[in-house]
Amino acid sequence: MARSPLSRRSLLAAGGAAAVALGAAANPSAAAAAPADNPVGTPAEALRRLQAGNRRFTTGHGRHPHQGLTDLHRLAAGQHPFAITVGCADSRVAPEVLFDQGLGDLFDNRVAGNIVDDLLLGSVEFAVQEFGSLLIVVLGHERCGAITATIDAIHSGGAAPGHIGTIVAALRPIVEPVLDQPGDPVENAVRANIAAQVAALPARSTLIAEKVRQGALRVVGARYDLDSGRASLVA
């Protein structure tokens, strides 16, 4: 992925501004005073950090790290997210919250159905190249509305309204083959979609594939449980 005059300065600034929308900690002053975590050096360390954060979230011991204005000022000059998320746009699946991370930790990419299209793939490649992020997490979740809409369209033979049809068209080749499997069709399709998007990232990107081959990057899939808050590896 070639760098352009816009790639570094303008997107760094835009990324820093967008991070504010993730929200502050329950005690912003305490969060701002907390020191930043030790640097993450390997994909395995990055995964362990996310898993530890999810355990804190599910047990009610979240630290809400570096989410204050002081932290934002520190990050204004540049960001170094250690992990990239490819998640669903569902309002209940916010990576910084469920992994108990803060500003500058995660490079979030969210779209209904966590679909890896060309635009999202370019965004992921940008983070891999510019920031050296060590981990990509494809984050699906139970009772996914995009998956449900796709199943409904398949069963009814109809078309989803507006541009929702674009989502259904992207998910249909993944969802349709698992509809006859035993068990809950939505759950089966959620898991199939996570696995498909995990496979698509290195298959469609030579940049990602080479980083994975070098051991500098890992791509994993996780399923988020809306009832327990747990994010479990499934791919």
- L121 reachable from I174 in the ILVMFWY side-chain graph, under 4.5 Å edges: no
- Query: So, the side chain of D71 versus the backbone of G68: is there a donor-acceptor pair under 3.5 Å, distance only?
  - Reply: yes
- Message: Name the residue from R56, R49, R55 that meets the side chain to side chain contact (heavy atoms under 4.5 Å, CB included) definition with D100.
- Response: R56
- Query: What are the two closest heavy atoms between P185 and L179, and how far apart are they?
  - Reply: CB-CD2, 4.2 Å
- Would you say the side-chain atoms of Q129 and E125 include a donor-acceptor pair closer than 3.5 Å? no
- Query: Hey, does the side chain of R110 reach the backbone of D90 with a donor-acceptor pair shorter than 3.5 angstrom?
  - Reply: yes
Enumerate, atom names and distances included, each donor-acceptor pair closer than 3.5 Å involving a side-chain atom of residues 138-145, sequence neighbours excluded.
residue: E142; atom: OE2; partner: L226; partner atom: N; Å: 2.8
residue: E142; atom: OE2; partner: D227; partner atom: N; Å: 3.4
residue: R143; atom: NH1; partner: D227; partner atom: OD2; Å: 3.4

Which donor-acceptor pairs under 3.5 Å do side chains of residues 194-201 form with protein atoms, sequence neighbours excluded?
residue: Q197; atom: OE1; partner: V116; partner atom: N; Å: 3.0
residue: Q197; atom: NE2; partner: N193; partner atom: OD1; Å: 2.8

- Query: Between S133 (side chain) and L135 (backbone), is there a donor-acceptor pair under 3.5 Å?
  - Reply: no
- Message: With a 3.5 Å distance limit and no angle check, can you tell me whether Q79 reaches the backbone of L106 through a side-chain donor-acceptor pair?
- Response: no
- Task: Kindly say whether T59 contributes a backbone atom to a donor-acceptor pair with the side chain of H61 at under 3.5 angstrom?
- Result: yes
- Item | Pairs involving residues 93-114, ordered by first then second residue, that meet ring-ring contact (aromatic ring centres under 6.0 Å, His included) (sequence neighbours left out) | F107-F131
